Amino acid sequence: MGILNVTPDSFSDGGKFSRIDLALNQVEQMIADGAAIIDIGGESTRPGAKDVTEKDELSRVIPVLKAINKRFNVVVSIDTSKPSVMAEAIAHGAGIINDVRALQNDGCLDVLAQDQSVAICLMHMQGLPRTMQHNPQYKHLITDISTFFEQRILACTQAGISASRLILDPGFGFGKSLEQNYSLLANMDKFHAFNLPLLAGLSRKSMIGTLLNRDVNERLAGSLATAIIAAQQGAKIIRVHDVKETVDALKVLQATHINK
Ligand code: 8Y4
């Protein structure tokens with residue numbers, strides 16, 4: 001899964017068309033590099049980021065989704081927690097709704113129950129983006145996250161959403177200390193108990209930067225290492241910025257599996 005950023009900081013003075021052209025060129029490159037899924041997000045979940053209005057999020061995400069589906073055959077994932085954005089995304093051919101709030105916002109379950117086919121990524125987060133990194137605590141990290149998954153899967157099935165549409169993601173960096181993030185990475189295989197595909201988002205995150213003392217643009221080697229570990233734990237989808245390098249690394253891992 002390649003990350004496409006459509007938050008406004010990435011294009012300061014370009015108009016609507018340059019934004020879409022820029023996005024399409026990025027998507028074309030990520031597909032050429034081996035991405036099977038493109039994740040589009042119009043809201044920043046970074047600590048301290050401003051809330052984005054529904055109108056702004058729709059105007060950032062939907063034109064890009066439409067343009068991608070017109071030109072490419074690729075699964076598009078929409079990173080959103082807003083039911084209106086989810087509904088519009090589904091209407092315009094999104095393949096996955098990627099919700100870091102796991103459909104806990106009002107109206108999300110209903111919107112997703114109206115559709116029969118779009119896949120849903122349920123991500124675990126402890127707390128809220130603004131304060132989630134202030135001393136996160138768990139009784140037992142893996143058990144607590146498993147309990148959260150159980151509750152969200154039940155909420156989905158009770159709302160009429162088939163469990164077969166669900167993808168689980170432990171949410172690296174979302175309310176977890178450095179040690180907790182690495183413990184989670186080492187133990188991702190525990191979540192296979194749910195018999196659902198697992199997604200891992202680790203690319204360029206603080207857990208890499210802090211461990212290695214690297215700025216955000218110097219985290220490729222660390223990111224590749226985490227991608228390999230997640231894949232070895234059985235993660236089916238890896239969310240990354242550097243598609244070409246990650247696909248190379250994953251092909252090397254895959255070659256070792258074929259020969260067993
Ligand atoms: C540098 C680059 C530093 C990126 C931090 C970040 C996930 C996700 C995000 C994830 C799923 C991010 C939308 C945070 N992370 N969705 N979204 N899983 N499913 N931070 O781990 O990339 S945004």
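Remember, it's a predicted structure, so these values are computed and weren't measured experimentally. Indexing begins at 1, ligand by ligand and atom by atom, following the structure's order.
Of all the listed residues (Met125, Met1, His124, Arg239), Arg239 holds the heavy atom that lies closest to atom 9 (C) of ligand 1. For atom 2 (C) of ligand 1, the choice among His241, Glu43, Lys205, Met207 with the nearest heavy atom turns out to be His241.
Under 4.0 Å from ligand 1, the heavy atoms of Leu199 that appear belong solely to its side chain.
Each of the atoms 1 (C) of ligand 1 lies under 4.0 Å from some heavy atom of Val216. When each atom of ligand 1 is checked for a heavy atom of Cys121 under 4.0 Å away, the hits are 19 (N). Each of the atoms 13 (C) of ligand 1 lies under 4.0 Å from some heavy atom of Asp79. Near Asn98, meaning under 4.0 Å from one of its heavy atoms, ligand 1 places the atoms 11 (C), 16 (N), 19 (N). Heavy-atom proximity to Met123, at under 4.0 Å, picks out these atoms of ligand 1: 10 (C), 11 (C), 18 (N).
Put simply, the side chain of Asn181 gets close to the backbone of Lys176: a donor and an acceptor are under 3.5 Å apart.
Using a 4.0 Å cut-off between charged nitrogen and carboxylate oxygen, Lys66 and Glu88 do not count as a salt-bridge pair. With salt bridges taken as basic N to acidic carboxylate O contacts below 4.0 Å, one links Arg239 and Asp39. Salt bridge Arg71/Glu28: present, at least one basic N to carboxylate O contact under 4.0 Å.
Linking Ile, Leu, Val, Met, Phe, Trp and Tyr residues whenever their side-chain heavy atoms come within less than 4.5 Å places Leu4 and Val61 in a single cluster.
Between Leu122 and Asp169 there is no side-chain heavy-atom pair separated by less than 4.5 Å.
Atom 23 (S) of ligand 1 has Thr45 OG1, 3.4 Å as its closest protein atom, hydrogens excluded (heavy atom only). In terms of protein heavy atoms, atom 18 (N) of ligand 1 is closest to Asp169 OD2, 2.5 Å.
Heavy-atom contacts from other residues, nucleotides or ligands closer than 6.0 Å to NZ of Lys205 number more than 12.
Between Phe149 and His124, the angle of the ring planes goes over 60°, which puts this pair in the perpendicular group of the 30/60° scheme.
At under 3.5 Å, not a single nitrogen or oxygen of Arg204, backbone or side chain, sits near a nitrogen or oxygen of ligand 1.
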